[in-house]
Asker: 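Have a look at this one before I ask anything.
Residue numbers start from 1 in every chain, and the chains themselves are labelled A, B, ... in the order their sequence lines are given, proteins ahead of strands. Since the structure is predicted, the reported quantities are computational estimates derived from the model, not experimental observations.
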Amino acid sequence: MKRLSHRQSGVLGRRIFLKALGLGIAAPLAMRMSRFARADPGSAPLRLCVIYVPNGAPIEHFDPIDTPTNSYILEALKDFDSSVKVIRGLSMNDGASNHAAIQAVLTGFSEGRGNDGKPSDSIDSLVGKGLGVKTHALGVIPHKWFGSNSHLIQSGEWVMPLESPAAAANTLFPEAPMDGPTDADFRREALSLTESQVGRMHAELAGLTREQNKLSIHLEALRELQSHKDLNSQCSMKPPLALAEKTASLDPFDGKNFAALIDGQLEVAAQALRCGTAQVITMQLMWATSDINFGFADGPGIQGGFHNTISHDASAGGRAQHADCIKWIYARIADQLLTVLAQDDPLDPGKTVLDNTLIYVCSEVCDGNQHNSHASDQWISGKPRYTYLPTVTIGGAGGYFNKQGIVTVERKHTDMLASVAEAMGTPITSMGGQAVQAIAELKA
Amino acid sequence: MSRRSAWLLAAALAGASCIGDSPIPKAGDPPSDEAQVCTTEVGARLLRRLTAWEMERTLRDIFTLSEEEWGGTRLGADPLSKHGFTNDADLLLVGSQSAEDILATAEELAQLVVQSDKLTTLLPCAGTALDDACVEQFVAIYGRRLYRRPLSAEERLEYQTLYAKIRDQADANTGLKWMLVALIQSPQAVYRAELGVMAGEHYDLTQHELATEIAYTFSGTTPSAALLDKADQGKLDSEEAVIAEARALSATPRGRETVHRLLQEWSGYATIHGKAKDVVDNFDVISELMAEETRRFLDDVVIENEGGVAELLTAPHTFVDGTLADFYGFSVTGSAFQQIDRPANWGVGLLAQGSLLGAYAHMGSSSPTLRGLFVLRRLLCQETEAPDNVELAPLPAQAPGETTTRERYESVHTASAQCSYCHNRFDPMGFALEHFDETGRYRETEHGLEIDDSGHVSFAGAEPAPIQGPVQFAETLAASEQTSACISDLFARYTYGSAPCMNGPMADARRGLSERDYGLTEYLIQLATTPHFYRRMP
């Protein structure tokens, strides 16, 4: 893995700045790109994109042979074969199972609360904090009906992903600062007043340690909020986002718009990762028991609710339809996200953005019909098949991963999360009070 | 349902999520909660962050915003305590996600409020001129509502200064907008203070803190201007005055919704939403009706008829529409929701509700473990711990027509001493409900096999009480003081947002419920007479 020295890093910063200017990127954005957060000043400019796809995958159509994209579903990633890794054998940690395991997908624990009783921070949030950047959550019809199977959790708090590509674009690419004060300035004024009020209340509660601790967390959050806004305000150039703009008039909760919405969100994520206005993005594609009819326009043309009708179908024909749906999603990822990330990395000349990115595709169950979240043999279409949490990584993660495309490791998914953290240069040794260890077989 | 109001349901629906048959405890509360030594009848001084549900109702009420006008708070679902409650003061924090959500909520709402039509309705002087005097009036009126007390001169000045600063850089409306953002996200608005003022050896809650506690406890929203007026005038200075306010608010639609929310979070019945069942296509339609059935049942038994624990557990009736009646196999005429008596031996009370039975079950089979654990934890207040370093053995595969669910469970949970040590405390309670399949529907046999619905109730400190079937199970629970004590403890915990100390007057209130002097809604009102409601320890 290529690692730059500390001294080289400074040169890189200036080089990126100049190159970005050469690419026609406005000076404030170029400045921001050159300040891209890195765990280690000498390391590659890494990005993380977590993509949650609910309801597992029909294993007979997912499981690749010999090469990572040699399966019916993963064939959709064929153009990026050398960047794809399939991890076989993962099981949910903490006994989390069924669709409620959505809470454990990123936190490691079935109710988002660790063995120590404290909220278990999610992997995207941990990485974001490790890098000192904001973790963004984008959704494609991420919620409609609610239950314990509707949400991803970050930092011990339920996350409401940005459901509209237009809103996501505004968040990830804020308008260029104009001459004179802007909303960002006024927001800062308001936050500053709130911060002083919280600080005052904190002082007034001397002796009430527990209440002061609450306010300390509040204070930290307000400061973090202000610092994020500062960073965003540096971005002055929004790239063309035609697909996202097309969704501006669409209802972001109407399943009929699924194709347009997923394309819009993937476009926003791709451009934000490329230009560096976002470094950690989580995407929630539907909620865990989503029943969006997959007969929507420009979709795979399969009539029926995704969860109940399609993913639960035990018949060979029904499972094939489920595979068609999942394959269609992977194809969108390839077309709208990977194609953009395969371009030159403006932050790291000579590399592509994909070289420096880790895309982690995950689900809460192994098999949509069996609902098992533990890697195990299941009777499928009359014969036993080895099922596992369908887990795919795409991208080089700055050279962290080895080149082997299919890895079988019977481990808890929290160890995979540890690998994600380590790949991002923010290693962890525990989650929720439980020891975790990065999977050695994945490393270069 | 609006997008955000639906989102706010998340926590309630997530309430009693069970994800398997492993009785692994989920430590939801900080250790201090359980370790609290109960030596006094009053609790600690504390801050209670508004729940998402409370914040939505608060802002909607203060600024008179309909669902069409405002989609609701951006604040996500609240963290759940291990009892399934969303209002645990120790868990309600303002972390980075919540801070961002509150800010987004404030900005969105402030933008709506400063629009000319709305603004002139809320602040008539703005129709003439949004000058400094008018802004001062805004702070006085709406600052007081958001703070739930009058603002001090220094506090008013802070906001007026912020307004003037932004107005000078932009315009008056922009200044007002950002001043309102600051008001909405101020800690005085976001946290309910229960701090009090020193009065001898303890702290008495201030009149405004008391008004706030009454309003949120009994109507789930902010005190009205009229209630604040009473606080201003010191009129909430007697038990009679407090009880009168509590009783009046409980009778309002907001009050009924608040009691219902407690019942929903405690029972977890709404977790039936989103459950899929192998044997029923589009179970979403049925689960929706089941949730409505239970909502009507609880409203009728607990709120309308002021029932107590016994009525809750043994009421012989339920509410179904034509679709649900067909599903259950009840005989009704007409398609509208209607009250019916259950057929004999088809269960009684809350534990026969399809929503609970379906929620505490798997997709393809009933689960004596999940059902037993629900009773153990929410009706008997007992916890269970999974022993360390034990590889939990999987249940044998289902074999319809060959083995019953009970036999499958017993083959592992009873056969192994390692498993039965814990499972024997709750599986036998679930066995008594085995005449209900995983969808919550009564079944005479299980795929032709006879169902053994004998079991026992594991009361603390007593020999297991034998039971046979759902009716005797419910009656046994209803007759026990332990059940009443558990429910009263949990309801008090919800009311206070923290663990109560069941001493002195608290014990009296609980005894009233146990001895059937009053029902559950009156019990909640009686909690307003306890010292913890108006006093705090140093």
Asker: Counting only heavy atoms from other residues, nucleotides and ligands, does the tally under 6.0 Å from CD of B:E155 exceed 12?
Answerer: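 It does: B:E155 CD has more than 12 such atoms within range.
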Asker: Using heavy-atom distances under 4.5 Å, tell me whether A:L219 contacts chain B through its side chain, its backbone, both, or neither.
Answerer: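 Neither; nothing under 4.5 Å.
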Asker: Return yes if some donor-acceptor pair links the side-chain N/O of A:S125 with the main-chain N/O of A:D121 below 3.5 Å, else return no.
Answerer: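 No, the answer is negative, given that no donor and acceptor are paired below the 3.5 Å cut-off.
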Asker: Counting heavy-atom pairs under 4.5 Å with chain B, which one of A:N369, A:V198, A:D183 comes out on top?
Answerer: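 Maximum pair count with chain B is reached by A:D183.
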Asker: Please rank B:Q188, B:Q169, B:M179 by heavy-atom pairs under 4.5 Å with chain A and give me the top one.
Answerer: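 The answer is B:Q169.
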Asker: Check for me whether B:R536 meets the cation-pi criterion with B:Y203, that is, NZ or CZ under 6.0 Å from the six-membered ring centre and within 45 degrees of the ring axis.
Answerer: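 No, cation not above the ring by the 6.0 Å, 45° rule.
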Asker: Would you confirm whether B:R45, through its side chain, and B:L195, through its main-chain N or O, come within 3.5 Å as a donor-acceptor pair?
Answerer: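 Yes, the answer is positive, given that a donor and an acceptor are paired below the 3.5 Å cut-off.
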Asker: I'd like to know whether the aromatic ring centres of B:H362 and A:H371 sit less than 6.0 Å apart in this structure.
Answerer: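 No, the ring centres sit 6.0 Å or more apart.
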Asker: Could you tell me which portion of A:I217 (side chain, backbone, both or neither) has an atom closer than 4.5 angstrom to a non-hydrogen atom of chain B?
Answerer: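 Answer is both: backbone and side chain atoms of A:I217 are under 4.5 Å from chain B.
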Asker: Between A:K214, A:H312, A:H307, which shows the greatest number of heavy-atom pairs under 4.5 Å with chain B?
Answerer: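 Highest number of pairs under 4.5 Å: A:K214.
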Asker: Under 4.5 Å heavy-atom distance to chain B, tell me which part of A:N213 shows up: side chain, backbone, both or neither.
Answerer: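 Neither part; nothing is under 4.5 Å.
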Asker: Among B:N282, B:T174, B:D278, B:L162, which residue forms the greatest number of heavy-atom pairs with chain A at distances under 4.5 Å?
Answerer: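 Option with the greatest count: B:L162.
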Asker: Can a side-chain donor-acceptor contact be found between A:T387 and A:D367 if the only test is distance below 3.5 angstrom?
Answerer: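 Their side chains do not contain a donor-acceptor pair, so the 3.5 Å distance test is not met.
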